[in-house]
Amino acid sequence: MSTVTRQRKSVDIFTQIREHEQVVFCNDEKTGLKAIIAIHNTTLGPALGGCRMHLYATVEDALFDVLRLSKGMTYKCLAADVDFGGGKAVIIGDPHKDKTPELFRAFGQFVESLNGRFYTGTDMGTTPDDFVHAMKETNCIVGVPEEYGGSGDSSVSTAIGVVYGIKATNKVIWGSDALHGKTYAIQGLGKVGRKVAERLLEEGADLYVCDINPTAIEAIVSYAKKLGANVKVVQGTEIYGTDADIFVPCAFGNVVNDDTINVLKVKAIVGSANNQLLDVRHGRMLKEKGILYAPDYIVNAGGLIQVADELYGPNKERVLQKTKTIYSTLLHIYSRAEADHITTIEAANRFCEERLQQRSRRNNFFTHHKRPKWDIRR
Ligand SMILES: NC(=O)C1=CN([C@@H]2O[C@H](COP(=O)(O)OP(=O)(O)OC[C@H]3O[C@@H](n4cnc5c(N)ncnc54)[C@H](O)[C@@H]3O)[C@@H](O)[C@H]2O)C=CC1
Ligand SMILES: O=C(O)CCC(=O)C(=O)O
């Protein structure tokens with residue numbers, strides 16, 4: 001039994017979704033689609049969040065994941081200062097075997113049925129090309145390929161934001177935001193992790209990397225070779241115990257738990273993975289161990305910033321400028337945590353909850369989506 005499953009108690013469904021506005025179970029026999037869409041909070045505007053595809057062991061695991069991910073999006077929208085709410089979707093299936101155009105069209109129909117309350121795009125296990133099929137059924141898709149007039153793959157901005165997060169962390173620990181001269185342990189070399197790895201290598205950093213996909217490993221090893229840079233490949237859980245300076249989780253959530261904290265030797269954790277802490281108490285354990293934790297939803301907000309911007313008509317320069325603010329927001333969170341003697345995740349949560357209180361006072365006049373945008377229906 002996994003650590004995650006062990007620590008979860010069995011509770012009734014309404015207790016599980018008590019913090020959420022709406023949870024939609026999507027079932028389509030013809031295409032085999034089994035998905036869950038969770039809308040956490042739409043105080044600031046329609047819910048926005050990517051769609052993950054993963055072969056969950058149980059439906060309960062999928063529900064647990066989508067509930068946490070969608071709540072995280074509410075906080076991410078608040079931290080990034082965009083007028084959207086928190087939502088997320090998960091498709092239960094193997095992203096390497098179970099994808100079909102029809103499955104994504106069926107998913108698009110369910111998104112459309114929410115009538116503008118939920119906008120979605122890529123996450124772990126999905127790519128912009130998957131959502132081109134969903135776009136035939138709904139306009140509520142983001143991270144749309146540039147050839148359709150969208151902003152393109154949102155992982156580009158996510159990776160840029162993660163690098164700003166690493167720079168801010170280096171500044172706090174070593175007094176300089178330079179990326180070189182440090183070793184980073186990157187878990188996951190997918191859409192985000194690979195881009196972060198390439199940037200770090202270009203800056204002269206050393207890397208430990210791991211991924212379950214040999215092609216992803218080969219790509220980064222050959223890139224390093226081209227640059228004459230240093231990459232060591234490690235297997236599975238070995239990534240937690242390396243002598244790297246910073247651990248960069250860019251695969252799945254819950255990677256910071258009792259087991260991994262025991263073996264982590266790094267000075268800081270800064271990565272793109274959503275929900276890195278299994279529980280808030282793991283934030284306290286990191287603090288006690290002297291490991292600086294960059295709250296995930298602060299650091300990985302670049303993609304959100306990009307796709308939120310896309311809905312107003314994409315502008316790359318505007319996205320880049322806003323993504324850069326991840327650096328200053330993170331420095332603010334670090335100093336607030338220090339001043340208030342709390343963990344960095346507690347400081348980030350307080351910052352967002354205060355913003356939500358302030359914004360809730362504004363009259364929120366939201367009407368459902370305005371115009372057909374992606375007219376590619378066949
Ligand atoms: N794509 C985006 O713009 C954003 C992604 N995130 C988060 O960042 C993380 C990565 O997202 P993407 O790069 O989009 O996903 P992806 O699906 O493109 O890449 C994930 C990578 O992790 C690898 N992986 C899976 N299990 C692994 C394991 N046990 N050990 C090592 N590697 C493993 C996969 O083989 C894949 O290469 C996810 O947690 C996602 O929620 C957060 C914000 C935005
Ligand atoms: O990157 C996206 O497409 C939306 C943002 C998101 O889902 C996330 O930040 O986890």
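In listed order, ligands and their atoms are each counted from 1. Along the sequence shown, the residues carry numbers beginning at 1.
The proximity of L69 to ligand 2, defined as any non-hydrogen pair under 4.0 Å, does not occur for either the backbone or the side chain. With a heavy-atom cut-off of 4.0 Å, L189 touches ligand 1 through its backbone alone.
For the residues D296, T127, I212, the heavy atom positioned nearest atom 26 (N) of ligand 1 is part of I212.
Atoms of ligand 2 found under 4.0 Å from any heavy atom of K88 (numbered from 1 in listed order, with element): 6 (C), 7 (O), 8 (C), 10 (O). Close approach to S155 involves these atoms of ligand 1, each under 4.0 Å from a residue heavy atom: 1 (N), 3 (O). Residue G49 has at least one heavy-atom neighbour below 4.0 Å for each of these atoms of ligand 2: 7 (O). Remark: ligand 2 atoms within the under-4.0 Å shell around heavy atoms of T122 are 2 (C), 3 (O). Here is the list of ligand 1 atoms found below 4.0 Å of a heavy atom in N213: 35 (O).
By the 4.0 Å heavy-atom criterion, Q306 is excluded from the residues contacting ligand 2.
In this structure F247 satisfies the ring pair (Phe, Tyr, Trp, His ring centres under 6.0 Å) test together with Y240, sequence neighbours excluded.
Side-chain atoms of D123 never come within 3.5 Å of backbone atoms of G50 as a donor-acceptor pair (strictly under, hydrogens ignored).
Counting only heavy atoms of the protein, atom 8 (C) of ligand 2 lies nearest to K76 NZ, 3.1 Å.
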